[in-house]
Number of protein chains: 2
Amino acid sequence: MAKFKLDDTDHSILDMLIDNTRTPFTDIAKKLDISAGTVHVRVKKMEEAGIITGSSLKLDYKKLGYSFIAYVGIFLNKTSQTQFVLERINEIPSVTVAHVTTGKFNIFCKIRAKNTSHAKDIIYKIDDIDGVTRTETMISLEESINDKKRLMHSIFNALD
Amino acid sequence: MAKFKLDDTDHSILDMLIDNTRTPFTDIAKKLDISAGTVHVRVKKMEEAGIITGSSLKLDYKKLGYSFIAYVGIFLNKTSQTQFVLERINEIPSVTVAHVTTGKFNIFCKIRAKNTSHAKDIIYKIDDIDGVTRTETMISLEESINDKKRLMHSIFNALD
DNA sequence: TAAATATGTATAATGAAATTAGGCGGCTTT
DNA sequence: AAAGCCGCCTAATTTCATTATACATATTTA
């Protein structure tokens with residue numbers, strides 16, 4: 001994987017697009033004082049290099065009736081069951097994120113649910129998977145931070 | 001907050017845009033056999049209703065030199081310090097997500113770092129915040145699932 | 001029941017933006 | 001210094017978003 005070198009122009013482009021993927025290239029061009037063609041070429045290069053892997057909408061899940069977020073830590077009998085359990089978890093759509101982890105838990109995941117009752121169903125489903133010893137749930141009372149933007153600045157300016 | 005009712009057309013539009021926010025409205029229109037004008041109107045309505053709150057890029061952070069992900073649980077002296085600690089945490093760009101939680105921890109957050117050494121610096125910073133008793137770290141060995149798409153299907157088809 | 005109104009869609013016209021080709025200038029390599 | 005390369009700009013072309021208008025269907029009101 002040849003290390004792809006990004007310059008300030010690339011950074012600025014990413015910075016704007018990470019906030020709004022539909023920012024017109026012409027706007028970006030104007031702000032950076034370059035041509036729209038250049039913006040286009042840069043973005044295409046970053047896509048080809050695999051730096052930009054896609055784009056997605058930010059949705060208000062509360063308004064969609066999914067106001068419940070929890071993190072669930074999973075304990076396994078044996079770590080060799082990890083792959084099997086992940087496959088079962090992958091069949092539960094409400095699990096939006098899952099990581100294999102070191103530390104307390106073997107697997108760690110995030111779930112989104114309609115309400116506590118719905119969350120309970122989901123957690124029971126996880127508990128019921130073969131190989132899962134027990135789970136530990138942390139319910140989110142408030143999502144206080146969720147921000148890719150600051151990280152970008154950190155990456156590009158070597159802050160932190 | 002008047003409950004906004006989404007129909008199948010809206011669902012399908014969200015479905016396509018959540019995968020790629022730059023999918024041309026003309027393409028969506030073709031696939032759904034409606035006019036591009038209608039797609040436009042629907043999207044605008046969902047934006048106005050606050051269902052679509054924005055868009056963002058998916059980036060390969062590994063290629064940007066940030067290959068380290070960890071979750072950090074934070075214990076506080078008193079829950080009344082929550083807000084203060086959150087503000088301090090908010091000053092650390094590598095913390096990309098933070099939740100106030102019930103359960104083991106008072107605050108729960110996700111960090112992205114270059115490597116273990118960098119992660120250590122970040123965790124020490126968190127530990128040093130006034131009011132933080134101690135922290136517990138779970139290092140991600142592998143991000144196995146990260147998918148909004150399945151959740152959408154669950155939401156719209158009442159699966160799960 | 002009929003008239004009036006609202007809702008939502010399609011059509012089509014307009015303007016904006018993405019995309020591409022060609023050429024120019026600076027930099028590197030030989 | 002010449003040749004080749006790289007990246008950018010300009011400008012042309014094509015595609016797309018956006019808006020106005022008109023029509024049809026459903027809903028409300030008289």
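- Spacing between atom CD1 of A:Ile34 and atom P of C:dA18 amounts to 13 Å, rounded to whole angstrom units.
- The NZ atom of A:Lys31 sits 13 Å away from the P atom of C:dA17 (whole-angstrom rounding).
- Between A:Phe108 and B:Tyr71, the angle of the ring planes lies from 30° to 60°, which puts this pair in the tilted group.
- When rounded to the nearest whole Å, the span between CG of A:Asn20 and P of D:dA17 equals 14 Å.
- Within the 4.0 angstrom heavy-atom criterion, base atoms lie near B:Ser35.
- There is no side-chain donor-acceptor pair under 3.5 Å between A:Thr82 and A:Thr79.
- What separates CD of B:Glu48 from P of C:dG8 is a distance of 13 Å, to the nearest Å.
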(message) For a side chain to side chain donor-acceptor pair (under 3.5 Å) check, start with the C-alpha distance between B:Thr9 and B:Ser12, then their side-chain angles and the critical distance, and finish with the verdict.
(response) CA-CA 5 Å; B:Thr9 302; B:Ser12 302; over 6 Å; no
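- Residues meeting the salt bridge (charged side-chain N to carboxylate O under 4.0 Å, His left out) test with A:Asp33, sequence neighbours left out: none.
- Side-chain contact of B:His99 with A:Asn146: a donor-acceptor pair under 3.5 Å is absent, judged by distance alone.
- Five base pairs at each end of the helix from C:dT1-D:dA30 to C:dT30-D:dA1 define two local axes, and these are offset by 30° (rounded to 10°).
- Atom CD1 in A:Ile28 sits about 17 Å away from atom C1' in D:dC9, given to the nearest Å.
- A donor and an acceptor atom, one from each side chain of A:Ser55 and A:Thr21, are nowhere located under 3.5 Å apart.
- When rounded to the nearest whole Å, the span between CG of B:Asp8 and P of C:dG8 equals 15 Å.
- Residue B:Phe25 contributes atom CZ, which lies 15 Å from atom P of C:dT9 at whole-angstrom precision.
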(message) What verdict does the salt bridge (Lys or Arg N to Asp or Glu O under 4.0 Å) test give for A:Glu47 and A:Lys45, after you've listed the backbone C-alpha separation in whole Å, the side-chain angles of each residue and the deciding distance to 0.1 Å?
(response) CA-CA 5 Å; A:Glu47 284 171 349; A:Lys45 270 194 188 172; over 6 Å; no
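- Mapping B:Arg22 and B:Asp7 onto DNA chain C via the closest heavy atom, the residue that lands nearer the 5' end is B:Asp7.
- The listed nucleotides are C:dA18, C:dA10, D:dC8; the one nearest the side chain of A:Arg42 is D:dC8.
- A donor atom on one side chain and an acceptor atom on the other are not found under 3.5 Å apart for A:Asp60 and B:Thr53.
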(message) Can you build the contact string for nucleotides 19-25 of chain D? Use B for base contact, S for sugar-phosphate-only contact, and - for no protein heavy atom under 4.0 Å.
(response) B------
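- For the pair A:Lys63 (side chain) and B:Ala49 (backbone), a donor-acceptor distance under 3.5 Å is present.
- Taking atom NZ of A:Lys30 as the reference point, atom C1' of D:dT10 lies 16 Å away to the nearest angstrom.
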